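Just so we're clear, the structure is a prediction, and the values are computed from it rather than from any experiment. If you read the sequence from its start, that first residue is 1, and numbering goes on from there.
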Amino acid sequence: MHAVARTPSSEFINRLVDAWPDNGHLVMSARVADGFDRINDHLTRQQAACLSAADLSFTPDEVKLLAHERRSLELTDTDARQLVETMDGWPLGVSLVLNSPNGFNALNTSGRNQVFDFLTRQVLVQQPAAAQKLLMGLSTFTVIEPDLCAEVLETANLRKKLRKLVDNSLFITEAGPDNYQYHQLFREFLQTSLKETDSELFYGLHGKAAAKYEALGQYEPAIEHFLTARNYDAAAALIRRIGEKLFRQGRWTSLNSWIERLPESIRTSSVDIELLHAQSLVHTGEPSQAGQIITTILLDDTRPLDKVTKARALYTRSSACRLLGQRDQSRLDAEVAAGLLEGNDSQNGLMGDISARLGFLHFDKADFALAMRYLKTAQEQFNKVFDQNNLASVNNGLGGIYKSFGNLSQASTYYEYARQGFTKTGNIGKLAMVLCNIAFIQHKNGLYEQTIDTLNEAEEKAKTAGYRRFEANIALAFGEVYRDLDQPDRSISSFEKALTIAREIQEANYVSYAKAGIGETLRIVGNYDQANFWTREALAQAELEKQPYEISLFKLQLATINNNQCKYHEASMALNEVYKYFLKIGDLDALARTCFANAIASFNQKNYDATNQWLTWMIGHIENLGYDDFVVIEGGRNTLLVQYAAARDIGNRYFERLMERIKQKRQQFSTVREKTAVPVRLTQLQSFGFNETRVILDGQAVTEQAWRSNRAKELFFFLLNNPGKSTEDIASQLWPEMPPAKATSNFHINLFRARRATSPGIIIQENGRYYFSPEVDFYYDVNEFEEKLRGISQLAPEERSRIVERLTELYKGSFMPGFDGEWIDQKRFELENKYLKLLFEMVGYYAKSGRMDKVVALVEKVLDTDRDDDEVYYQGIQAYLALGDSLSASHLYKRYLSNLKELDAEPEPRIENLIGNLSIN
């Protein structure tokens, strides 16, 4: 049922609802729900559902699907979002655009005309002349406030008329208490129509609206209307009047938009407007253009500047130069600006700006003590003028200094002060900046979900403010979080986004950090050559910009890559150098990371004294830091070191607890991927005893040189086959000919060598007996062979056949070739007998079932191990003949005769009979 008006429809609907049966369904559409009391009662009791226009509006995903299914168009997320925003999700409008000849591109060409033509034919011309005039007049306003609009349009009873427009669904809705708003596209259509049909009225209404808003003190809409009315002098006057206040609120995009819409003659005639433009450009990521504007002002002899204006200009250029990486010029401009204001007590605000700039410049150089002094000075100066916005900026900077010292609790306090300040002043651009810093604290404490939520909020605010610089910074932060969450693809994508934005806004510092971020993520996934390339790119950028802190950070990263590439000596030398620098500036986070990297290098060089020392120092730095989540992440990538430290009880069980945390993190990641919990172990150990003696630890083969002696390797394999043996048991088995004391001494020497070849934490002792650590993800081909063999007799024939195929793959040759010893000979004989027995059984089974292809395959396997069994030759020759392969039968018979000759024996008659008249050359 469709209700076209509230009366008498409402009375009828109310009665209908009262009489409607419980098992019936009533669907009603109406432009408004007011007056339908019974329907509203049901809605209140949640006995009915209501779909509004907003519910029916298209979402970006729905637009993408519609474009694909109806027009075979593949829209990007950005295109779909733009179309939804332009059309306010209006289904018909979206369809008109997509069905236009140019598809999505029609938003800027003929498709928009097609939509406008539809609105003209189906909406505007269908209204009475008075209603058309009212509709076009109201389109002057972004937000329709009845009293103000009635005054500008000189019309009476406007509220009643607005109510009627709403009831008639003429693309106008109530946006709040006593104000209305057009559908965005409909307002644009009406404005275009008004300008084309009566341009004088168009400009006149905007001029009257501007004057009214200015009189009411609503300066921002006043500026917009003055600009649209082409009253540029009035617009420029208002920009000069309120521009500084809006700048402090982070309204940089709006300021740039207004100033750039002014004619050049008006824009360049006012130094104040040009300075405001340059300041805003700095914050929207266009420092180069800002620097050009300021330099032009400073070099213009026809417009002499007073000291305060010149200081403002130099301060603004200092900001631009800092972002462009020209830090020496930035510092020089700030210092000259400070000199111009010396003794001028009336300029505390500007002096605070300059002091803060110098503080941030010293922060960039990692001169934290001097940075702190300048920022504290700026804090005092801003307090004198009650400048909450700049106080918030200083608090954010102080938070950064304490963060670098590793004092996260103090940093968090200052960041919270900054957040409150920017929230109070409405500076959403700077609020995005401090939210990103708060996310850093959350990230360091392992609060990943909170970190992502905070970064999403920061990104939204940065985009709203047009703060491109911090869009880049937020993308960098996302890259680090996704890397720690083991999502390398998303990490690299975030870093690439940061790199793109940083290049666009000419932010050299962020360019280097983005490159380093890509390098670190590539290191994590094992692409060391590419990791080296990107990190060296970042280092070269930092060296070009003369940034000692970043240079040391990137050298630390390169040393970590060297560790991964087994260049431990080279890594140690670089790490010792950067450790001294970080010790000098007091960066606890970097110091702890450097200690751990140095411990890795020392551990892999078998320098355990140095390993112990670096790990002890790392724990000391962590205690001062108050967080160590990065050790969980890096420890998970260097588990042998962690197991070694736990076995040595370095740091009073710190590493034992760390092992549990690493397992929990891996469990968390695996549960997310697999949807079910899976066992988590720290180290992968693969050992192979058939036809070789090979050990692979975390993907790296243990070399013969590493074992130092075959006895160490034999001991390792003895424990693989005989876990839980005591020192006496092992010594007596491996050195039975020696006195007990000498055998025990040999055991300890070779145990040390075996641990050194693999890892000290791999072989552990419990209650005087030796085992492999339960933290090891353990594989041994002999174990798999014996486990599968034990249960094979219980299996059905077909399943047995499948297992036999796996067992023949495993048994590549005799056990531990090249090694001698009573226990080895016994194990070798035992495994060979089990293998041959199984093969004999399966040959008989396949022969009886007529599967001769399987028979010949197994016969060849048996003969590789035992050439002396006549039954095997008989079955093999018989199978070849059954398959019609007389040539292979002849070759096998020749092998049989050759073997008999070596044994000086005669062939069996049954084999001779089998061959019969087969020609043997």
Side-chain angles (χ1 to χ4, degrees), residues 223 227 232-344 346-358 360-361 387 390 393 429 466 468-469 505-507:
I223 292 172
L227 288 168
Y232 300 119
D233 289 329
L238 264 185
I239 291 170
R240 284 195 298 271
R241 183 175 171 184
I242 67 165
E244 188 65 27
K245 178 183 176 182
L246 293 177
F247 174 80
R248 300 263 181 209
Q249 292 176 347
R251 302 292 303 282
W252 310 304
T253 304
S254 296
L255 285 168
N256 280 340
S257 172
W258 294 333
I259 293 170
E260 287 166 6
R261 285 160 65 187
L262 294 171
E264 186 178 359
S265 58
I266 293 177
R267 188 169 66 244
T268 57
S269 66
S270 169
V271 171
D272 288 337
I273 286 180
E274 286 193 289
L275 280 175
L276 194 60
H277 190 202
Q279 289 173 309
S280 299
L281 286 169
V282 167
H283 285 82
T284 55
E286 299 171 85
S288 180
Q289 186 181 348
Q292 292 171 11
I293 291 171
I294 297 300
T295 301
T296 301
I297 293 172
L298 291 171
L299 295 177
D300 188 353
D301 295 333
T302 63
R303 293 190 296 179
L305 306 176
D306 59 60
K307 286 186 176 182
V308 173
T309 304
K310 188 172 183 180
R312 280 182 62 205
L314 287 166
Y315 163 75
T316 303
R317 191 170 70 176
S318 172
S319 301
C321 289
R322 179 188 177 222
L323 297 183
L324 290 167
Q326 300 167 9
R327 285 174 171 73
D328 290 341
Q329 183 62 51
S330 177
R331 179 182 53 77
L332 180 62
D333 281 348
E335 289 172 348
V336 172
L340 289 170
L341 297 178
E342 191 172 356
N344 188 339
S346 66
Q347 295 297 321
N348 281 310
L350 184 53
M351 273 303 298
D353 285 334
I354 295 166
S355 297
R357 169 64 56 242
L358 289 166
F360 291 129
L361 284 166
D387 189 339
N390 274 321
S393 290
R468 295 281 286 161
R469 182 170 182 262
I505 63 175
Q506 305 171 66
E507 174 55 271

Distance check, rounded to the nearest 0.5 Å: [X] atom [atom1] versus [Y] atom [atom2]?
X: I505; Y: L323; atom1: CD1; atom2: CG; value: 7.5 Å
X: L332; Y: C321; atom1: CG; atom2: SG; value: 9.5 Å
X: Q326; Y: D328; atom1: CD; atom2: CG; value: 10.0 Å
X: L276; Y: F247; atom1: CG; atom2: CZ; value: 7.5 Å
X: R261; Y: I259; atom1: CZ; atom2: CD1; value: 12.0 Å
X: I293; Y: L281; atom1: CD1; atom2: CG; value: 5.0 Å

Can you find a heavy atom in the side chain of [X] that is under 4.5 Å from one in the side chain of [Y]?
X: L262; Y: I239; result: yes
X: L246; Y: W258; result: yes
X: E260; Y: H277; result: yes
X: N344; Y: L350; result: no

task: Show your reasoning for whether side-chain contact (heavy atoms from CB on, under 4.5 Å) applies to Q347 and K307.
output: CA-CA 11 Å; Q347 295 297 321; K307 286 186 176 182; over 6 Å; no
- request: Assess whether side-chain contact (heavy atoms from CB on, under 4.5 Å) is satisfied between I294 and L275, documenting all intermediate values.
  value: CA-CA 7 Å; I294 297 300; L275 280 175; 3.4 Å; yes
field: side-chain contact (heavy atoms from CB on, under 4.5 Å) between L298 and L314, intermediate numbers included
entry: CA-CA 8 Å; L298 291 171; L314 287 166; 3.9 Å; yes
Is the side chain of [X] donor-acceptor paired with the backbone N or O of [Y] at a distance under 3.5 Å, no angle test?
X: S319; Y: Y315; value: yes
X: S355; Y: M351; value: yes
X: T295; Y: Q292; value: no
X: R322; Y: S330; value: no

field: Minimum heavy-atom distance between A290 and A278, given as atom pair plus value
entry: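 Result for this residue pair: CB-O, 3.3 Å.
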query: Which pair of non-hydrogen atoms, one from P287 and one from A320, has the smallest distance, and what is that distance?
result: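 Reported closest heavy-atom pair: O-CB, 3.5 Å.
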message: Can you classify the ring geometry of W252 versus H283 as parallel (below 30°), tilted (30 to 60°) or perpendicular (above 60°)?
response: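 Ring orientation, 0 to 90° scale: parallel.
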task: For R468 and E286, run side-chain contact (heavy atoms from CB on, under 4.5 Å): C-alpha distance rounded to whole Å, both residues' side-chain angles, the deciding distance at 0.1 Å, then the answer.
output: CA-CA 9 Å; R468 295 281 286 161; E286 299 171 85; over 6 Å; no
Single hit among R317, R357, K310, R312 for salt bridge (charged side-chain N to carboxylate O under 4.0 Å, His left out) with D333: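 Answer to the salt bridge (charged side-chain N to carboxylate O under 4.0 Å, His left out) test with D333 among R317, R357, K310, R312: R317.
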